[in-house]
Amino acid sequence: MKAIIPAAGYGTRFLPATKAVPKEMLPIGNKPALQWLVEEALSAGADEVIIVTSPGKNSIRKYFTPDPTLTQLVRAKPAIRDELEKLDALSAK
């Protein structure tokens, strides 16, 4: 099953916060809103998540792309490592 998440638009109703950060990446608790949606889609049985964005929202792609350098830096810190591995697992699906 595929999940499609619409994440386009400028987020004008959230200005000025969305001038620097896409609305989908605004935090809810300790995670960006979009991560909550992706996790929920996967827990509901989706095996593929498609995020439809507009041009200029590179931070969304960057957030879900594993960063080998960062992974190497946090290997010695279990709490951070676990959270990063969880995020990397999301991007692998």
Side-chain angles (χ1 to χ4, degrees):
M1 174 175 70
K2 294 181 184 180
I4 300 174
I5 300 173
Y10 293 106
T12 55
R13 287 173 277 195
F14 288 107
L15 284 170
T18 54
K19 187 171 182 179
V21 178
K23 65 184 178 289
E24 301 82 11
M25 298 305 289
L26 292 174
I28 297 177
N30 61 345
K31 302 178 209 177
L34 190 56
Q35 183 175 342
W36 288 104
L37 292 171
V38 169
E39 288 175 356
E40 187 65 26
L42 294 173
S43 70
D47 56 359
E48 185 176 353
V49 177
I50 300 165
I51 302 171
V52 181
T53 64
S54 52
K57 293 195 175 186
N58 299 327
S59 60
I60 294 173
R61 179 183 301 269
K62 186 175 179 182
Y63 183 81
F64 286 102
T65 302
D67 183 344
T69 304
L70 181 60
T71 302
Q72 193 172 29
L73 287 172
V74 298
R75 265 200 183 128
K77 301 179 185 205
I80 297 171
R81 183 191 64 230
D82 294 345
E83 205 48 43
L84 188 60
E85 285 174 357
K86 188 173 165 185
L87 182 58
D88 287 350
L90 288 176
S91 62
K93 292 186 178 187

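- To the nearest 0.5 angstrom, E24 atom CD is 9.0 Å from L37 atom CG.
- At a threshold of 4.5 Å between side-chain heavy atoms, the hydrophobic network of Ile, Leu, Val, Met, Phe, Trp and Tyr places V21 and F14 in one connected group.
- A distance-only check finds a donor-acceptor pair linking the side chain of K23 to the backbone of A8 [under 3.5 Å].
- For the atom pair I51 CD1 and I4 CD1, the distance stands at 11.5 Å (nearest 0.5 Å).
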(request) Evaluate side-chain contact (heavy atoms from CB on, under 4.5 Å) for E39 paired with K31, printing each intermediate quantity in order. (result) CA-CA 11 Å; E39 288 175 356; K31 302 178 209 177; 2.7 Å; yes

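- At a threshold of 4.5 Å between non-hydrogen side-chain atoms, the residues I50 and I5 do not count as touching.
- Within the model, atoms CG of N58 and OG1 of T65 stand 10.0 Å from one another, a figure rounded to the nearest 0.5 Å.
- Here the shortest heavy-atom pairing between M25 and P32 reads O-CB, 3.7 Å.
- Annotation: side chain of V38 is in contact with side chain of F64 (closest heavy-atom distance under 4.5 Å).
- Considering every non-hydrogen atom in both P66 and P68, the closest pair reads O-CD, 3.6 Å.
- Residues Y10 and T18 have side chains not in contact (no heavy-atom distance under 4.5 Å, counting atoms from C-beta outward).
- Of the possible polar contacts, one joining the K57 side chain to the G9 backbone as a donor-acceptor pair under 3.5 Å is found.
- Hydrophobic clustering keeps I28 apart from Y63 (ILVMFWY residues linked when any side-chain heavy atoms are closer than 4.5 Å, directly or through intermediates).
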